[in-house]
J.: 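Could you have a look at this structure, given as structure tokens, before my questions?
Position 1 is the first residue of the sequence; numbering continues from there.
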Amino acid sequence: RQVFDERFQDPRKTMQERFMWDYWHVPNQYTLHRTQASAYFSEDLNEQLVDALLDYGEKQLGCRAISPIWMSYYIDGCLQELHCDSFHGPFAFVLSLTHWEG
């Protein structure tokens, strides 16, 4: 969440990292904005995230690998319909950036 807060704290400040989101629309399947975590986070933060997910997946779920991590955000009108991402494996996860305090 800290990376997000730093990039968007000043709405008038333009920077390359704020414009890396892809509007992805596949009729009857997806409408969302997405980017790869490896492009969004620093190399060190991304490596920490991947390592934590791999550790959890192996210890708790018996999984030893993950596909590249995609991040997405949804605004009014965005959605995911019922679909199957079986080529990515049997599990998915959500890491919320919602700021619940204040």
Side-chain angles (χ1 to χ4, degrees):
R1 175 68 196 208
Q2 182 179 351
V3 173
F4 178 86
D5 287 340
E6 288 170 359
R7 290 193 181 154
F8 290 91
Q9 69 183 347
D10 182 356
R12 297 182 194 281
K13 183 177 180 184
T14 57
M15 54 198 319
Q16 180 179 353
E17 294 84 3
R18 290 183 60 171
F19 297 97
M20 62 178 48
W21 295 93
D22 170 43
Y23 174 74
W24 193 39
H25 175 69
V26 179
N28 301 313
Q29 194 168 13
Y30 306 101
T31 303
L32 53 96
H33 299 84
R34 67 183 186 161
T35 192
Q36 287 199 331
S38 61
Y40 188 80
F41 293 118
S42 69
E43 187 175 339
D44 183 52
L45 283 176
N46 187 65
E47 187 175 314
Q48 289 178 46
L49 176 59
V50 169
D51 289 347
L53 289 170
L54 285 170
D55 185 57
Y56 178 85
E58 186 169 5
K59 289 178 181 175
Q60 302 299 320
L61 305 171
C63 298
R64 302 182 81 180
I66 59 174
S67 58
I69 300 169
W70 283 93
M71 297 171 43
S72 57
Y73 73 84
Y74 300 78
I75 56 174
D76 193 29
C78 290
L79 55 91
Q80 282 195 39
E81 299 287 351
L82 184 62
H83 65 280
C84 178
D85 286 335
S86 60
F87 54 91
H88 288 296
F91 299 104
F93 68 93
V94 173
L95 247 160
S96 176
L97 295 181
T98 301
H99 185 54
W100 294 106
E101 297 175 17

J.: Run Thr31 and Tyr23 through side-chain contact (heavy atoms from CB on, under 4.5 Å) and show every step you take.
T.: CA-CA 8 Å; Thr31 303; Tyr23 174 74; 3.4 Å; yes
J.: Evaluate the ring planes of His33 and Tyr73, with Trp represented by its six-membered ring, and classify them as parallel (under 30°), tilted (30 to 60°) or perpendicular (over 60°).
T.: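 Rings of His33 and Tyr73: parallel, as their planes differ by under 30°.
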J.: Which value, rounded to the nearest 0.5 Å, describes the distance between Thr35 atom OG1 and Met71 atom CE?
T.: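 Reported to 0.5 Å precision, the distance equals 7.0 Å.
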J.: Heavy-atom count around Gln60 CD within 6.0 Å, excluding the residue itself: above 12?
T.: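 Yes, because the 6.0 Å sphere around CD of Gln60 holds more than 12 heavy atoms from other groups.
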J.: Should we say atom CG of Asn28 is surrounded by more than 12 heavy atoms from elsewhere, each under 6.0 Å from it?
T.: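 Check fails, neighbour count at 12 or below.
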J.: Give me the atom names and distance for the closest heavy-atom approach of Gln36 to Pro68.
T.: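 Looks like NE2-CB, 4.0 Å.
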J.: Does one hydrophobic cluster hold both Tyr74 and Val26, with members joined at side-chain heavy-atom distances below 4.5 Å?
T.: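 Yes; tracing contacts between hydrophobic side chains, which count when under 4.5 Å, links both residues.
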J.: Give the C-alpha distance, both sets of side-chain angles, the deciding distance and a yes or no for side-chain contact (heavy atoms from CB on, under 4.5 Å) between Leu61 and Tyr56.
T.: CA-CA 7 Å; Leu61 305 171; Tyr56 178 85; 4.1 Å; yes
J.: Give the intermediate values and the outcome of side-chain contact (heavy atoms from CB on, under 4.5 Å) for residues Glu47 and Phe41.
T.: CA-CA 9 Å; Glu47 187 175 314; Phe41 293 118; over 6 Å; no
J.: Check Leu54 against Arg64 and note the closest heavy-atom contact, atom names and distance.
T.: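 Smallest interatomic distance, heavy atoms only, reads CD2-O, 4.0 Å.
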J.: Calculate, to the nearest 0.5 Å, the distance between atoms CD and CD belonging to Gln29 and Gln80 respectively.
T.: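 Those atoms lie 8.5 Å apart.
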J.: Which distance, rounded to the nearest 0.5 Å, do you find between the CD1 of Ile66 and the CG of Leu49?
T.: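 Answer for the CD1-CG pair, Ile66 versus Leu49, is 7.0 Å.
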J.: Quick one: closest heavy-atom pair of Ala39 and Met20, and the distance?
T.: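 Looking at all heavy atoms of both residues, the shortest contact is O-CE, 3.3 Å.
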J.: From Phe91 CZ over to Leu53 CG, what is the distance, rounded to the nearest 0.5 angstrom?
T.: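 Going from CZ on Phe91 over to CG on Leu53, the span is 13.0 Å.
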J.: Got a sec: does the CD of Glu81 have more than 12 other heavy atoms crowding it under 6.0 Å?
T.: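 Atom CD in Glu81 is crowded, with more than 12 foreign heavy atoms closer than 6.0 Å.
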J.: Applying the 4.5 Å side-chain criterion to the ILVMFWY set and letting contacts propagate, would Tyr40 and Phe93 be lumped into a single cluster?
T.: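 Linked, Tyr40 and Phe93 end up in one cluster.
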J.: Identify the heavy atoms of Ile69 and Val50 that sit nearest to each other, and give their distance.
T.: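 Residues Ile69 and Val50, closest heavy atoms: CD1-CG2, 3.8 Å.
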J.: Flag yes if Trp21 and Ile75 sit in one hydrophobic cluster, no otherwise; membership is Ile, Leu, Val, Met, Phe, Trp, Tyr, and two members link when side-chain heavy atoms are under 4.5 Å apart.
T.: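 Yes, same cluster.
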